[in-house]
Amino acid sequence: RQRIGEASAFMELQELSLAQARAQAIGMAYALYGVTIVAAERVRVLERLVQVSREASEIFEARVEVGDAVLRDSTMARVDLARNQALLREAKGRLNLAFAELERITGERYGSASARELSPPPIDFDAYYEGLRREPPPAVQVARAKARYYERQRDRLKREMINPFQLMFMGGQGDLGEARIGAGLAYELPMVQRNQGPRARAEAERLRAGIESEVKQNYI
């Protein structure tokens with residue numbers, strides 16, 4: 001009975017872990033969606049800055065040629081253009097990394113960050129918040145399931161302190177066809193196993209999972 005209880009608790013833990021994995025995947029997709037949108041907007045802003053800086057550099061170069069500005073002004077304009085171009089290349093690199101992570105999570109390829117091609121995963125937040133009022137979040141449920149599993153494990157180890165008896169029956173025929181029947185009783189040594197180490201570890205894991213569930217509940 002104790003082994004069946006431990007196995008059932010383990011199955012429940014794995015089922016809840018699947019629900020937690022799904023929730024984490026949705027959360028990661030939303031987070032990466034936000035990172036990608038921000039990175040794309042940064043690229044668009046820097047592209048406009050580069051264009052303005054290029055026009056300003058061309059204007060100062062023309063003014064230097066006609067003697068309306070000094071060489072220092074033209075040099076500063078070129079430096080500003082080079083700085084914005086470096087920032088733009090860095091921003092494009094970050095955008096490509098965000099696209100790569102988003103494609104890894106969602107399995108979809110995105111050519112650009114336009115609103116038509118890139119959109120967040122569909123989810124009903126009202127239903128999600130309503131569900132949180134009925135039951136705890138998946139992360140909390142998994143932590144509580146871990147506590148129940150280790151509690152069942154501790155109970156099983158406690159029950160296995162005393163080894164079970166083995167009752168054996170034997171039957172057959174002898175050389176002359178006579179019936180031979182026998183019985184025996186077996187017991188393993190040592191007769192009592194305290195399982196002190198495994199029981200202590202199971203109890204510590206049960207307490208840790210209980211604390212983890214409370215912390216995650218308060219954090220979420």
Side-chain angles (χ1 to χ4, degrees), residues 13-64 69 71-146 209 211-220:
L13 173 60
Q14 298 306 313
E15 291 174 355
L16 292 175
S17 297
L18 177 60
Q20 182 187 23
R22 290 172 175 166
Q24 288 176 340
I26 294 176
M28 291 176 65
Y30 262 94
L32 288 172
Y33 165 78
V35 169
T36 305
I37 291 298
V38 172
E41 183 63 23
R42 180 177 177 82
V43 168
R44 285 191 286 267
V45 171
L46 287 172
E47 285 176 344
R48 291 194 293 268
L49 287 177
V50 167
Q51 181 63 29
V52 172
S53 298
R54 182 177 290 109
E55 293 175 356
S57 177
E58 294 173 354
I59 291 174
F60 276 107
E61 288 179 0
R63 291 178 60 185
V64 169
L71 182 61
R72 177 179 177 276
D73 296 332
S74 178
T75 302
M76 292 298 295
R78 288 197 300 270
V79 169
D80 186 63
L81 174 60
R83 181 176 63 252
N84 289 333
Q85 288 175 335
L87 291 175
L88 177 59
R89 285 192 292 269
E90 180 185 2
K92 287 183 176 180
R94 292 182 179 180
L95 178 60
N96 290 332
L97 288 176
F99 272 130
E101 286 295 312
L102 193 62
E103 291 169 4
R104 182 180 65 85
I105 292 298
T106 63
E108 301 288 342
R109 292 190 61 86
Y110 301 97
S112 64
S114 63
R116 182 177 55 190
E117 295 181 354
L118 185 64
S119 60
I123 185 172
D124 188 351
F125 282 103
D126 293 334
Y128 173 75
Y129 293 136
E130 183 63 28
L132 288 180
R133 298 187 183 95
R134 296 192 303 268
E135 59 184 10
V140 179
Q141 294 187 45
V142 169
R144 293 179 180 178
K146 285 182 181 179
I211 295 173
E212 181 183 351
S213 67
E214 295 178 2
V215 171
K216 288 184 175 180
Q217 177 71 42
N218 294 331
Y219 177 77
I220 295 176

Engineer: Rounded at 0.5 Å granularity, tell me how far CZ in Arg48 sits from OG in Ser53.
Structural biologist: 12.5 Å
Engineer: Using distance only, find each side-chain donor-acceptor pair of residues 87-100 under 3.5 Å and give its atom names and separation, not counting sequence neighbours.
Structural biologist:
| unit_1 | atom_1 | unit_2 | atom_2 | d |
| --- | --- | --- | --- | --- |
| Glu90 | OE2 | Arg94 | NH2 | 2.9 |
| Asn96 | ND2 | Lys92 | O | 3.2 |

Engineer: Salt-bridge test for Arg104 and Glu101: reply yes if a basic N is under 4.0 Å from a carboxylate O, no otherwise.
Structural biologist: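 A salt bridge is present here (some side-chain N lies under 4.0 Å from a carboxylate O).
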Engineer: Tell me, with the steps shown, if Gln51 and Glu55 meet side-chain hydrogen bond (donor to acceptor under 3.5 Å, both in side chains).
Structural biologist: CA-CA 6 Å; Gln51 181 63 29; Glu55 293 175 356; 3.1 Å; yes
Engineer: For the atom pair NZ (Lys216) and CD (Gln20), what is the distance rounded to the nearest 0.5 Å?
Structural biologist: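 Those atoms lie 5.5 Å apart.
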Engineer: Within the 4.5 Å heavy-atom criterion, are Leu81 and Gln85 side-chain neighbours or not?
Structural biologist: yes
Engineer: Can Arg22 and Leu18 be said to form a side-chain contact (heavy atoms from CB on, under 4.5 Å), step by step?
Structural biologist: CA-CA 6 Å; Arg22 290 172 175 166; Leu18 177 60; 3.8 Å; yes
Engineer: Rounded to the nearest 0.5 Å, how far does CD of Glu61 lie from OG1 of Thr75?
Structural biologist: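 Those atoms lie 9.0 Å apart.
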Engineer: Do you know the tightest heavy-atom contact between Leu32 and Leu102?
Structural biologist: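 Shortest heavy-atom separation between Leu32 and Leu102 comes out as CB-CD1, 3.7 Å.
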Engineer: What distance separates Met76 CE from Phe60 CZ, expressed to the nearest 0.5 Å?
Structural biologist: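 It is 10.0 Å, given to the nearest 0.5 Å.
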Engineer: How close do Ser57 and Ala77 get, counting heavy atoms only, and between which atoms?
Structural biologist: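 Closest approach of Ser57 to Ala77, heavy atoms only: CA-CB, 3.8 Å.
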Engineer: Pair up each side-chain donor or acceptor in residues 139-146 with any protein partner under 3.5 Å, not counting sequence neighbours, and list the distances.
Structural biologist:
| unit_1 | atom_1 | unit_2 | atom_2 | d |
| --- | --- | --- | --- | --- |
| Gln141 | NE2 | Pro136 | O | 2.7 |

Engineer: Between atom CD of Glu103 and atom OG1 of Thr36, what is the distance when rounded to the nearest 0.5 Å?
Structural biologist: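 Spacing of CD (Glu103) from OG1 (Thr36) equals 9.0 Å.
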Engineer: Is there a side-chain contact between Gln217 and Pro137 in this structure, where contact means two heavy atoms from C-beta onward sitting under 4.5 Å apart?
Structural biologist: yes
Engineer: Would you compute the distance between atom CZ of Arg83 and atom CG of Leu49 and round it to the nearest 0.5 angstrom?
Structural biologist: 10.0 Å
